[in-house]
Structure formats: structure tokens, C-alpha cells
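All figures in this text were calculated on a predicted structure; none of them were measured in a lab. Numbers here are sequence positions counted from 1.
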Amino acid sequence: MTALFGAASLAAVAPDLGPAAHLLLAAILMVSLATGRLACRALRLPCDPMLATVTGFAALSHAMVLADLVVPGAHWQILALLGLATLPAWRGTLSRPVDTAMLGLGLLGGAFTFAWNHDVAARLAQFNSTGAFDFWLDGLVHAGNLAQFASPEAIGRGMILLADMPRALYHTASYMPPALLSAVLGVPPLEATMLGWLPLGILVMAFGVAALGLALGGPVLAAVALLALALVPAPERLSLGNGLLGFAWLLETAPGTPYSLGIAGAALASLARWMERGEERRWGSLALALALTASCFLIRVNTFALLAPAVGLAVLAGWPGLARRWRRALAGAGFLAFAAVLATLSWPALTADPAQFLFGYVDLVHRHNPPTRIDGLQAAMAAAIGPIGAGLLALPLTLLGLLGPWLPAFLILAVLARRHRAAADALPWLLLAAAMLEMLLAPMSRNGDITEFRHRAGPLVVVAIAVWSLRWAVLLARPWASCVMGGRGRVAWPAASLLCLSVLAATIGAAKRPAMAWGAPYHGTHVAPGLMALAPALRRSAGPRPRFAVANQPADARNIDEAAQLIALTGVPAYLSCPGFLVATGGAYGDEARRRLAVVAQLGAAPDLEALWARMRAEAVTHLVVTRRTDLPFDRERRHAAARSGEYALYILP
């Protein structure tokens with residue numbers, strides 16, 4: 001029933017996708033649940049449906065990624081094969097007694113998903129009718145990334161932003177199952193992304209949080225954890241009010257993050273069981289924890305970069321058969337080794353300007369994201385005690401800004417519940433330590449973004465600290481919790497759930513919008529009406545192996561441009577899109593982007609029609625979109641265009 005509750009919530013979020021789409025999503029969830037069950041059986045582990053669904057989704061996503069490397073587009077076949085292979089997992093299901101606690105958690109996870117995403121369909125409908133994209137603009141880029149695995153014109157063509165260049169093995173695994181909506185049913189990439197991929201990620205996150213709660217405290221903690229996230233979807237707004245640290249905003253900006261949070265929750269749940277259990281089944285739990293941690297690499301590499309060292313340190317701290325002092329010594333040595341690895345990776349930048357490299361991220365957080373409740377404080381501290389002192393003070397301020405009320409609650413409850421501590425209670429401390437170290441020493445990404453590995457895994461810290469705070473709170477309130485789980489619970493739990501989910505539904509819209517002043521232009525952007533009108537013509541005329549170019553390609557476009565918008569609207573690969581990002585990435589991608597940028601300029605300035613056709617043939621460009629009247633001066637009346645709308649016109653290679 002857990003998978004069916006999840007499928008029902010997705011159907012409630014986006015009913016316009018149609019019955020076939022929701023049957024396919026239900027099949028994905030059912031196969032994920034069955035795959036996870038078999039994996040737990042193979043490892044001889046007890047397995048709740050939350051852990052099984054998340055584990056199975058990770059396995060299904062990776063099976064599709066690996067198959068795509070060998071046979072591009074062989075995605076529905078993998079789903080069908082896994083569905084057949086996991087049929088034994090359903091044996092005896094109907095004869096088992098109904099577990100009402102798991103039933104209730106499945107229903108709560110589905111309701112949480114609906115409350116979080118209830119506004120998505122309306123926002124997308126607004127875009128389709130007006131061109132106003134009431135999401136963070138990266139949503140259009142995500143639609144293009146999903147189209148790489150779904151659109152017949154794009155499958156096997158490498159990077160959709162730089163068609164026919166090899167695609168790097170990156171964190172794209174979460175796209176694979178939702179991409180079946182486009183590949184099998186022809187759902188447009190943007191609809192599949194916003195109505196399928198985005199809400200499914202919240203469902204995976206909800207199940208992962210529930211799995212962690214079950215491992216740490218049983219059904220009560222699992223339910224309380226979900227309800228707490230519903231009550232506080234934006235903890236940063238209850239402390240410093242720094243929008244860059246926004247929990248809900250980060251989840252919608254990068255919808256791969258909630259998938260990784262669900263999988264990280266399942267990994268931490270398995271690791272906690274390994275740290276607590278006797279000798280039986282210890283190694284199966286550890287194997288599952290390590291496998292789930294590794295799977296985060298292709299789900300969301302930023303989360304993996306924080307989760308992996310924390311898990312590694314926890315394994316050292318919890319290794320069986322060693323005295324406590326030796327475990328602590330091993331964990332300490334492991335932490336120093338992790339710091340040495342980060343310093344080695346960052347050595348050129350670290351030695352060039354140590355203070356700027358160490359404190360550049362926390363300085364950026366507190367200086368450049370107004371309005372906050374402490375605007376000007378960082379500059380004042382730097383003037384009073386110098387940049388190093390200000391940077392050291394900014395580090396705990398960043399944690400407070402990220403965690404909001406969860407940080408003081410965590411510290412207070414850790415003291416109050418010290419008599420109840422178990423081995424697994426080392427995990428959140430190790431995660432905090434790894435997060436702080438990465439805020440100081442994590443290397444910059446290849447495109448020069450200092451936030452890539454210092455910032456984007458912040459939601460994992462929020463989830464872990466929140467769940468452990470609630471674990472200790474539940475332990476301290478055990479008599480009350482036992483009372484609620486008794487007869488009174490029949491009224492208390494539904495009432496609490498209704499209240500918390502109502503609060504979530506009422507507040508989540510604002511929580512998902514950027515609070516930083518600089519973020520306003522990146523949210524609610526418009527796609528030009530002319531471009532919206534040309535997109536269907538480009539899609540209809542795509543033909544075999546199409547790739548389109550857009551004239552006047554801005555050389556510095558990093559996040560979005562008109563080519564990326566057309567990719568999202570059509571699923572057709574671009575000759576070149578977002579060249580600024582590709583050039584910053586460097587290597588072969590940067591070189592090819594620069595070359596194609598010069599070709600795009602030549603296409604827009606072609607002296608006559610024959611020269612245009614010749615250049616397009618030489619570059620295998622099948623379509624050219626011109627964006628202003630000065631393009632192609634030989635055809636100012638656009639008589640040779642296949643379609644036109646306002647300033648925009650589409651030329652198709654005959």
C-alpha cells in the first residue's frame with residue numbers, strides 16, 4: 001500500500017498528466033518497492049516499506065543509467081525486466097497481517113508530498129498560458145537534462161546543450177525513471193520534469209526521512225519527523241532570514257537534492273542499525289548503508305561529498321570489537337585525513353590566498369545575500385577583528401542561519417538526553433563536523449563556483465539535525481508518547497497531521513521562493529512569446545538527428561539562454577546552449593563551445609541563402625532560429641523562413 005499511497009499523491013498533484021502517466025509512476029514505485037525488498041532479503045535484513053522503496057528507487061535509477069551507457073534509450077526495458085525479476089517479492093503479501101503503523105506512515109508520506117507540491121500544476125499551467133515561469137529558472141535546464149534520456153531526437157546524442165559531444169557521467173540518475181513519461185507516453189519534457197520528476201523527489205525524501213525515523217525511534221519518531229518538516233519547511237527564516245540557506249528553496253532549485261536526501265536518510269538508517277545491533281545482521285546493514293551512500297554520487301554529487309566522509313567516520317567510530325578510546329582515535333585520525341584530502345585538492349587556491357579561500361564562502365553568505373537580519377554585521381566584524389576573526393565567527397553563524405531553531409534545539413536536547421545516548425548518536429555530530437570542514441576547505445568546482453561543495457548539501461544537515469533532535473525529544477517524552485500511541489492516538493495523530501499539513505500547504509509557496517534580493521530576476525522569468533510560438537514548429541519539423549542553433553548566442557550565458565528554453569519546450573538538442581557555463585567548465589567542452597560560438601555568429605551574418613545552407617550543412621545544423629531583425633540581412637522580410645513570430649523566425653535546412 002505504501003507505493004500506492006505515493007502514486008495517489010502524485011496523481012493528486014498533477015491530474016492533468018492523465019491515467020496512463022500515473023499508472024506508469026505507480027509501476028515505478030511498485031518496482032522500486034519490490035526491488036528494495038529483494039535487496040534486503042539478499043542481505044538478510046528486516047526491511048520496512050519506506051527503506052525498501054528508497055533502496056529500490058536507487059537501484060532502478062542506476063540500472064537505467066548503466067543500461068543507457070550501453071544501449072541508449074533502453075529504459076522501459078529495464079523497468080520491465082526488474083518488474084519481472086522482482087515478482088517473488090510479492091509472494092505472500094496478501095496473507096500477511098496489515099501493519100497499521102506502516103500504512104499510516106505511507107499515507108502520511110503521500111499527504112506530505114501533496115501538500116508540498118500542491119501548487120506546482122497551477123504554476124506550470126500559468127507558464128503554458130502566459131510564458132511566466134513561476135519557478136527558479138534552472139527548472140528549464142532540468143527539463144533539458146531530462147530530455148537527454150527521453151526525447152527520441154536526443155537519446156544517444158550526448159550533451160543536449162552541446163549536441164553530439166559525449167555526455168559526462170554526472171549526477172543524472174534521478175532523471176531516469178521520470179523520463180519514461182516522455183519516452184513511453186510522449187509527455188513533453190517540461191511537464192515530465194515539473195509534474196513528475198519534481199514531486200517524485202519529495203516523495204522519495206519523505207520516505208527516506210520516515211526510514212531514518214523508524215531506525216532511530218520507531219513509527220512515532222518517523223511520523224513526528226515528517227510533521228516537523230511540514231511545520232518548519234523554511235527553518236532559515238526563523239533565525240537569520242538568509243535566503244541563500246533556504247531549505248525549501250534549495251530543494252526546488254535543484255530537485256535532485258530531495259532524491260539524495262531520501263537515499264541519504266535510508267543510508268543513515270542502515271548505518272544506525274549496524275551501529276546498534278548485535279553481531280547478527282550487522283554486516284548486511286553496513287553493506288546497504290555503503291551501497292546507498294555510493295549511489296548518491298550519481299543522484300546528487302554534492303550530497304555524496306558530505307554524506308560519504310560522515311559515513312566513513314561513523315564506520316570508524318562504530319567498528320565492533322574495539323575499545324571506545326580506539327574508536328575515537330580512529331575517527332579523529334579519519335577526520336584529519338579528510339581535512340588533508342580537502343587541503344590537497346584545494347592546494348593552489350589555498351596557498352594563493354589562504355584567508356580568502358578558507359572564509360570566502362561564509363563571507364559570501366553573510367555579505368552578499370540581503371535582506372537578512374544581520375546585514376552589515378560581517379563587514380563590521382571584519383573591520384573590528386580582521387577577516388580571519390570575522391570568518392571564524394561567521395562559521396557558527398552560517399550553521400545557525402542554515403538550521404534555524406533546530407540548532408539550539410539539537411544542542412539543548414543533546415545535553416538533556418545524554419543518559420539516553422546510543423552509538424548511532426555520534427552520526428549527527430560527525431555530519432556537522434564534516435559540513436563545517438567543507439565550508440572552509442572544499443575545493444571550487446571546475447566552473448569556479450565556491451558554493452558547489454560548501455553549500456548545496458546543506459539540506460542534508462537540516463534533515464539529520466532535525467531528526468536527531470526529535471529522537472531525543474521523543475525519548476525524553478516517552479510516557480506522553482506511549483499515551484498518544486494508545487487510545488488517544490486515534491484522534492491525536494489525524495488531528496496533528498491535518499494541522500501540520502495544512503500549515504505546510506499554506507506556507508510552502510513562500511518558502512520555495514528566493515528571499516535574496518539578487519534572486520528575484522531568476523524566479524518568475526518570462527519566455528518570449530515569439531519563442532513560445534516557434535517551439536511547436538521546431539518540434540514538428542525535427543526529423544532525424546536534428547540540432548538547432550540560435551543566432552546572437554550570448555557568450556556569457558551560464559544558467560539559461562533562449563537555446564536552453566527551446567530545449568525545455570521541445571526536447572530537441574541544441575548546437576550550442578549556455579556557452580558561458582561550458583567555457584568555464586573547460587577542457588574539450590570549453591574548446592568546442594568557443595568554436596561553435598564563432599560558427600553561430602557566422603550563421604546569423606550569412607550574406608545569402610546559399611551561404612547559409614552551406615554553412616548549416618557543414619555543421620549539421622538542421623534548424624536556425626533568428627532573434628532580431630538585423631539577423632540574416634539578405635532576408636529581412638523572412639520570406640525563406642518556415643515560421644515566424646514577432647522578432648523570431650525559424651529556418652529549416654532543406
Side-chain angles (χ1 to χ4, degrees), residues 123-124 127 131-148 159-163 165 167-168 170-172 175 189-190 193-194 197-198 243-244 246 249-257 300-302 361 364-365 368-369 444-456 458 512-528 531-532 535 548-550 552-571 573-586 589-590 592-594 596-597 600 625 627:
R123 287 190 282 156
L124 187 61
F127 169 73
F133 192 64
D134 192 21
F135 300 87
W136 190 255
L137 60 77
D138 281 12
L140 295 167
V141 178
H142 296 315
N145 289 335
L146 182 139
Q148 294 177 114
M159 292 185 68
I160 204 164
L161 299 179
L162 198 65
M165 280 289 287
R167 185 175 60 242
Y170 200 41
H171 51 206
T172 54
Y175 292 112
L190 189 58
T193 300
M194 309 313 294
W197 182 56
L198 192 153
L244 185 69
W249 173 73
L250 281 168
L251 297 193
E252 182 158 289
T253 302
T257 300
R300 184 70 175 161
V301 70
N302 316 80
Y361 165 67
L364 179 150
V365 168
H368 303 293
N369 296 284
M444 290 189 185
S445 62
R446 289 175 61 185
N447 62 15
D449 186 354
I450 198 172
T451 69
E452 186 78 28
F453 297 110
R454 302 190 185 199
H455 171 73
R456 299 185 189 183
K512 289 188 286 192
R513 285 169 170 76
M516 315 81 69
W518 64 262
Y522 297 92
H523 192 280
T525 55
H526 282 73
V527 175
L531 206 63
M532 294 275 288
F548 72 89
V550 175
N552 303 306
Q553 192 83 22
D556 60 347
R558 293 174 70 99
N559 299 312
I560 197 73
D561 57 15
E562 289 174 318
Q565 293 171 351
L566 277 174
I567 292 172
L569 293 170
T570 65
Y575 178 72
L576 177 64
S577 179
C578 300
F581 164 75
L582 295 167
V583 169
T585 300
Y589 298 116
E592 182 63 9
R594 281 187 285 267
R596 293 191 186 186
L597 197 59
V600 168
V625 176
T627 61

Measure the shortest side-chain to side-chain distance between [X] and [Y] over non-hydrogen atoms and say whether it is less than 4.5 angstrom.
X    : Y    : result
I560 : D138 : no
L582 : L576 : yes
P514 : T253 : no
V600 : V550 : no
H171 : N302 : yes

With sequence neighbours left out, what residues match [X] under side-chain hydrogen bond (donor to acceptor under 3.5 Å, both in side chains)?
X    : answer
Y575 : E619
E252 : R123
R594 : D591
N145 : Y175

Tell me the closest heavy-atom pair linking [X] and [Y], and the distance in Å.
X    : Y    : result
A254 : R300 : CB-NH2, 3.4 Å
L146 : P189 : CD2-O, 4.2 Å
A143 : T193 : CA-OG1, 3.2 Å
A593 : L162 : CA-CD1, 4.4 Å
L597 : A555 : CD2-CB, 3.4 Å
G144 : I567 : CA-CG2, 3.5 Å

- Contact list for residues 519-528, test salt bridge (charged side-chain N to carboxylate O under 4.0 Å, His left out), sequence neighbours left out: none
- Query: Which residues pass the ring pair (Phe, Tyr, Trp, His ring centres under 6.0 Å) test with H523, sequence neighbours left out?
  - Reply: none
- Taking ring pair (Phe, Tyr, Trp, His ring centres under 6.0 Å) as the test, write out the residues that go with F127, two or more places apart. F133
Nearest 0.5 Å please: distance from the [atom1] atom of [X] over to the [atom2] atom of [Y].
X    : Y    : atom1 : atom2 : value
T570 : Q565 : OG1   : CD    : 11.5 Å
M516 : N369 : CE    : CG    : 6.0 Å
F135 : T525 : CZ    : OG1   : 11.0 Å
W136 : K512 : CH2   : NZ    : 15.0 Å
H455 : L244 : NE2   : CG    : 4.0 Å
F453 : Y361 : CZ    : OH    : 14.0 Å

Using the salt bridge (Lys or Arg N to Asp or Glu O under 4.0 Å) criterion, which residues pair with [X]? Sequence neighbours excluded.
X    : result
R456 : D449, E452
R513 : D134
R596 : E592
E562 : none

- Query: Excluding sequence neighbours, so at least two apart, what forms side-chain contact (heavy atoms from CB on, under 4.5 Å) with A132?
  - Reply: Q126, T130, H526
- Task: Might you confirm whether atom OH of Y589 has over 12 heavy atoms from other residues, nucleotides or ligands at distances under 6.0 Å?
- Result: yes
- Item | Backbone N/O of A568 and side chain of H142: donor-acceptor pair under 3.5 Å | no
- Message: Between D556 (side chain only) and G580 (backbone N and O only), is there a donor and an acceptor less than 3.5 Å apart?
- Response: no
- Message: Run the side chain to side chain contact (heavy atoms under 4.5 Å, CB included) test on L566 and V625 for me, step by step, so that the C-alpha distance in whole Å, both residues' side-chain angles and the decisive distance to 0.1 Å come before the verdict.
- Response: CA-CA 10 Å; L566 277 174; V625 176; 3.9 Å; yes
- Item | The single option from L140, L137, V141 passing side-chain contact (heavy atoms from CB on, under 4.5 Å) against N559 | L137
